[in-house]
2 protein chains.
Amino acid sequence: MATIAVENYLKHALLLAERSPDGLVPMGELASALAVVPGTATTMVKALADSGLVVHEPRRGLRLTPEGRRVALNVLRKHRLVETFLVNVLKMDWAQVHAEAEQLEHAISDAVLDRLDALLGHPATDPHGDPIPSVEGTLNSAVYATLATCATEAPLRVVRVTDQSADFLTFAEAHGLRPGTTARVVDRNLPAGLVTLRRPRGKPFALSLSAAGRIWVEPADSP
Amino acid sequence: MATIAVENYLKHALLLAERSPDGLVPMGELASALAVVPGTATTMVKALADSGLVVHEPRRGLRLTPEGRRVALNVLRKHRLVETFLVNVLKMDWAQVHAEAEQLEHAISDAVLDRLDALLGHPATDPHGDPIPSVEGTLNSAVYATLATCATEAPLRVVRVTDQSADFLTFAEAHGLRPGTTARVVDRNLPAGLVTLRRPRGKPFALSLSAAGRIWVEPADSP
DNA sequence: GGATATATTTTGACAGTTCAAAATAAATCC
DNA sequence: GGATTTATTTTGAACTGTCAAAATATATCC
Ligand SMILES: [Mn+2]
Ligand SMILES: [Mn+2]
Ligand SMILES: [Mn+2]
Ligand SMILES: [Mn+2]
């Protein structure tokens, strides 16, 4: 069985690989995602390569093998279903559940996973809008516009918040920016780096372009 | 924070200490409960003693300190609440949940534990009838009669099954011997080492004295 | 009470995961 | 295109948790 460390390396490698067109993950990015020094990542990646879970291309980065990807998707599925359980059933704060799931993802068996999935009604996304990998190992990688890039004035629906930090999630929640909620961009001032939003029946408020870029949206029908 | 290994050592030390009048746990018992060789247990107990979690009495055994007992009770509480959740909410087989809880007990935070406890309605015992330690750190250590020792003919209620092995639990369940169910001892043949039971509207069946000793019962009012 | 059996401890080793710091390769910049 | 910056790898060490096997202490049995 994969150890907790191995599962963490593979899961983070998958998340980084998804955001890179060729699937090559630079060693430094993996190291900082895992909060280890670069030398540690090199050592571990060589061990993972020996186990056939990744391919190491020295000085260039690493790639998941199909087996490594399979393990990583299973861990990610556990992570996101656990988050969904903690929010939907235990009514925990969506800002806290990431840290909880970081541990629980390694302790849940596939049997428990299946039951949780059924209890939750086979959800497609977690509380942050992150897609939940299917049992068969497919991962919805649809890309949306963000509050930093979308059209202004038109009504929008939040679909995903791509920042797991508790501070950012608490800020987003305080302004009603959860997946499913609606809003409009009333102004975007590039020189100032500011986006101004308005929620239905709410006061306008501003956030930075960089923060806006972490909130994914789609056009909403109702205003 | 205590590591997974430390939590396992402390939890098993607590369980063994509860079954010994003076609270002294022999090294060999701890080692075999944890499935490690005796030398490993000695090494680890010395490390635990350095951390102030146990007192090591060389060649005699070990004792939990108040702090060690506090940690152990918290782990045991997690274990038993998780088992209760898996059976009551996820509808898992009571024979499987021990193995699951063995992992989950180390991954659940106190925050999740509290929510789980509330969701389950603050249960006093787990699916096997094992008492759940309270948040304040008290553990009900009531001792009952067993099917090997109780009065014959009188109606009984099963209160606890003190064997976590899947085989035994599956056997017990197949004969309707779960906490809350009722039965009568119709015969006890000491030379043969057999106890014969009868459940309401069921056929009589036999089990060994040693197996009977693992099923705790109390007098039931209704027959 | 001395021989023998049993329980415990000690010693030396190993696997896995990590860091600090030095070495090296690759990329970037005049 | 040679110097400098940046990313990666290597080296040496530490820590945790484990085992095998030898050493030692304690208990038990004539
Ligand atoms: Mn994790
Ligand atoms: Mn999430
Ligand atoms: Mn455990
Ligand atoms: Mn139990």
Side-chain angles (χ1 to χ4, degrees), chain A residues 1-13 16-17 19-20 22-64 67-68 71-72 75 102-103 105-107, chain B residues 1-13 16-17 19-64 68 71-72 75 102-103 105-107:
Chain A
M1 285 299 94
T3 64
I4 292 177
V6 166
E7 289 188 346
N8 280 328
Y9 275 83
L10 293 175
K11 189 191 66 172
H12 280 108
L16 293 171
R19 305 262 147 265
S20 113
D22 57 350
L24 188 73
V25 179
M27 206 53 86
E29 286 189 26
L30 184 63
S32 73
L34 287 156
V36 295
V37 300
T40 300
T42 299
T43 303
M44 191 66 174
V45 163
K46 287 207 262 187
L48 295 175
D50 286 347
S51 312
L53 296 165
V54 305
V55 174
H56 182 202
E57 301 186 10
R59 303 268 165 195
R60 303 203 55 239
L62 63 136
R63 258 175 244 281
L64 288 170
E67 174 62 5
V71 174
V75 177
E102 205 56 51
Q103 304 307 314
E105 67 191 356
H106 313 293
Chain B
M1 285 295 96
T3 64
I4 292 178
V6 165
E7 290 188 347
N8 279 329
Y9 275 84
L10 293 176
K11 188 190 67 173
H12 280 109
L16 293 170
R19 306 262 147 264
S20 115
D22 56 351
L24 188 72
V25 179
M27 206 54 86
E29 287 189 28
L30 183 63
S32 72
L34 287 156
V36 296
V37 300
T40 299
T42 300
T43 303
M44 190 67 173
V45 163
K46 286 206 265 187
L48 295 174
D50 286 347
S51 312
L53 296 166
V54 306
V55 174
H56 183 202
E57 302 186 8
R59 303 268 165 197
R60 302 201 58 239
L62 62 137
R63 259 177 242 282
L64 287 170
V71 175
V75 177
E102 205 55 52
Q103 305 307 314
E105 67 191 359
H106 312 293

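Order of the sequence lines sets the chain letters (A, B, ...), proteins ahead of strands, with each chain counted from 1.
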(request) Mind calculating the distance between CD (B:Glu7) and P (D:dT16) to the nearest angstrom? (result) 16 Å
(message) For B:Glu29, is there an ion pair with B:Arg19 - N to carboxylate O distance below 4.0 angstrom?
(response) no
(request) Choose from D:dC19, C:dC19, D:dT18 the nucleotide whose nearest atom is closest to any side-chain atom of B:Tyr9. (result) D:dT18
(request) Quickly work out the B:His106 NE2 to D:dG17 P distance and round it to whole Å. (result) 12 Å
(request) Would you mind classifying the nucleic acid contact of B:Gly28 as base, sugar-phosphate or nothing, using non-hydrogen atoms under 4.0 angstrom? (result) sugar-phosphate
(request) Nearest-nucleotide wise, let me know which of B:Val6 and A:Glu29 is further upstream toward the 5' end of DNA chain D. (result) A:Glu29
(request) Looking only at side-chain atoms of A:Pro26, point me to the closest of D:dT8, D:dC19, C:dT17. (result) D:dT8
(message) Over all strands shown, is A:Thr3 touching base, sugar-phosphate only, or nothing at heavy-atom distances under 4.0 angstrom?
(response) sugar-phosphate
(message) If the test is side chain to side chain contact (heavy atoms under 4.5 Å, CB included), which one of A:Val6, A:Leu10, A:Leu64 qualifies with A:Val71?
(response) A:Leu10
(request) Report the residue (A:Thr43 or A:Arg59) whose heavy-atom-nearest nucleotide on DNA chain C is the more 5′ of the two. (result) A:Thr43
(request) In sequence, state the C-alpha distance, the side-chain angles, and the governing distance for B:His106 and A:His106, and then conclude on side-chain contact (heavy atoms from CB on, under 4.5 Å). (result) CA-CA 10 Å; B:His106 312 293; A:His106 313 293; over 6 Å; no
(message) From CG of B:Leu48 over to C1' of D:dG17, roughly how many Å is that when rounded to an integer?
(response) 11 Å
(message) Would you compute the distance between atom OH of A:Tyr9 and atom CD1 of A:Ile4 and round it to the nearest 0.5 angstrom?
(response) 13.5 Å
(message) If I take atom CG in residue B:Leu62 and atom C1' in nucleotide C:dT8, what distance separates them, rounded to the nearest angstrom?
(response) 12 Å
(request) Provide, to the nearest angstrom, the distance between the CG atom belonging to B:Leu30 and the C1' atom belonging to D:dG17. (result) 14 Å
(request) Nearest whole angstrom, please: distance from the P of D:dG17 to the CG of B:Asp50. (result) 13 Å
(request) Establish, with yes or no, whether the OP1 or OP2 oxygen of D:dT8 is under 4.0 angstrom from a side-chain nitrogen or oxygen of A:Thr42. (result) no
(message) Rounded to whole Å, please give me the gap between CZ in B:Arg60 and C1' in D:dT24.
(response) 18 Å
(message) Checking contacts here: which listed nucleotide (C:dT17, D:dT9, D:dG17) is nearest the side-chain heavy atoms of B:Met44?
(response) D:dG17
(message) Does C:dT9 have its OP1 or OP2 closer than 4.0 Å to a side-chain nitrogen or oxygen of B:His56?
(response) yes
(request) Counting heavy atoms from C-beta on, name the nucleotide in D:dC19, D:dT10, C:dT10 closest to the side chain of B:Val37. (result) D:dC19
(message) Within this structure, what is the CG-CG distance for the pair A:Leu30 and A:Leu48, rounded to the nearest 0.5 Å?
(response) 8.5 Å
(request) Could you tell me whether the phosphate oxygens of D:dC19, OP1 or OP2, come under 4.0 Å of any side-chain nitrogen or oxygen in B:Thr40? (result) yes
(message) The side chain of A:Met27 is closest to which nucleotide in this list: D:dT9, C:dT9, D:dT18?
(response) D:dT9
(request) To the nearest Å, give me how far apart CD1 (A:Ile4) and P (D:dG17) are. (result) 12 Å
